[in-house]
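These numbers were taken from a predicted model, which means no experiment stands behind them.
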Amino acid sequence: MVHEMKRIIFLIVITCAVCSCAVQKATTDEEFVSEIQKDMPFKASKLAAVSNCDNTYYFAADTYIDLLPDYEVDANGVLWGYRTTFAPTHSTQPANVIWRNIVINHKAKRVLCIDRLLRDGKTFGYVYVLQSETKKYNHYGTFHYDVSDHRALLNVADAIMGMSELSVTTLNTIIK
């Protein structure tokens, strides 16, 4: 009888421990998404993780976002510097290009690559997150260097180019 009671208590304790770990992870995930939303230079009505894509989030806005981009990406994946002296700029986003903004949060050691697309006059797209390992978000840290450090610029650019295939594929689906 005593042995059976100890076994039941042990099972209850283990179950509680597993449940508390799951709740803690969910809270951490929600906090991480909330911090990403705070870093974004515009308000998105929806921000959700993309399944099977690490550190990639889908966003949607209820309206057109008129924030000027840092770069344009065409349907072939070619990246153009948007804010230059020799290239013409558009006042509104053409439907056949991706407008890209890069946001660097030095304090959180995080870089966001925000790719915006248009459909029916509304903005949607993807946010690619490069997060350095930190004590707060160590399970998101896939980079063992400070991604917000200017000396890591080439590594960060290479990582962003590798992550952005989803945006180009989506653009090609829309314009065809």
*Can you find a heavy atom in the side chain of Ile160 that is under 4.5 Å from one in the side chain of Arg100?*
yes
*side-chain contact (heavy atoms from CB on, under 4.5 Å) evaluation trace for Ile36 with Leu112*: CA-CA 8 Å; Ile36 291 169; Leu112 303 181; 4.1 Å; yes
_So, taking the atom named OH in Tyr71 and the one named SG in Cys113, what distance separates them when rounded to the nearest 0.5 Å?_
9.5 Å
_Arg116 side chain reached by Phe59 side chain, heavy atoms, under 4.5 Å_ = yes
*asked:* So, taking the atom named CD1 in Ile65 and the one named CG in Leu118, what distance separates them when rounded to the nearest 0.5 Å?
replied: 9.5 Å
_On a heavy-atom basis, which atom in Ala95 and which in Ile175 lie closest, and how many Å separate them?_
O-CG2, 3.7 Å
*Scan Asp115, Thr170, Thr56 and name whichever one has a side chain to side chain donor-acceptor pair (under 3.5 Å) with Tyr126.*
Thr170
*Do Leu166 and Tyr128 touch side chain to side chain, with heavy atoms closer than 4.5 Å?*
yes
_Flag side-chain contact, heavy atom, 4.5 Å: Thr123 against Thr63_ = no
*Would you find a donor on one side and an acceptor on the other, under 3.5 Å apart, between the side chain of Gln131 and the backbone of Ala108?*
yes
*Least distance between heavy atoms, Ser148 atom then Ile104 atom*: CB-CG2, 3.8 Å
*Can you tell me how far CG of Asn96 sits from CG of Asp74, rounded to the nearest 0.5 angstrom?*
8.5 Å
*Is there a donor-acceptor pair closer than 3.5 Å between any side-chain N or O of Asn172 and the backbone N or O of Val168?*
yes
_If I take atom CG from residue Leu117 and atom CG from residue Leu171, how far apart are they, to the nearest 0.5 angstrom?_
5.5 Å
*asked:* Using modelled atom types and a 3.5 Å cut-off, is there a donor and acceptor pairing between side-chain atoms of Tyr64 and backbone atoms of Gln93?
replied: yes
*Just do the side-chain contact (heavy atoms from CB on, under 4.5 Å) check on Tyr145 and Asn155 with the steps written out, would you?*
CA-CA 9 Å; Tyr145 55 88; Asn155 293 336; 3.3 Å; yes
*asked:* Determine whether a donor-acceptor pair (N or O, by modelled atom type, separation under 3.5 Å) exists between the side chain of Asn105 and the backbone of Lys107.
replied: yes
*State whether the side chain of Ser45 and the backbone N or O of Ala60 hold a donor-acceptor pair below 3.5 Å, judged by distance alone.*
yes
*Just wondering, do Asp66 and Thr92 contact through their side chains at under 4.5 Å, heavy atoms?*
no
*With the side chain counted from C-beta on, respond yes when Tyr57 and Val129 share a heavy-atom pair under 4.5 Å apart, and no when they do not.*
yes
*Decide, yes or no, whether a salt bridge links Glu133 with Lys109 under the criterion of side-chain N to carboxylate O below 4.0 Å.*
no
*Atom CE in Met40, atom CD1 in Ile114: separation rounded to 0.5 Å?*
5.0 Å
_Stacked cation flag Arg119 on Phe124, 6.0 angstrom / 45 deg_ = yes
*Look at the side chain of Ser34 and the backbone N and O of Glu30, then say whether any donor-acceptor pair between them is shorter than 3.5 Å.*
no
*Could you walk me through whether Asp120 and Lys122 pass the salt bridge (Lys or Arg N to Asp or Glu O under 4.0 Å) test, one step at a time?*
CA-CA 6 Å; Asp120 300 327; Lys122 295 181 180 178; over 6 Å; no
*Distance-only, no hydrogens or angles: does the Asn76 side chain make a donor-acceptor pair with backbone N or O of Val78 under 3.5 Å?*
no
*Give a yes or no answer on whether the side chain of Arg110 reaches the backbone of Leu130 with a donor-acceptor pair at less than 3.5 Å.*
no
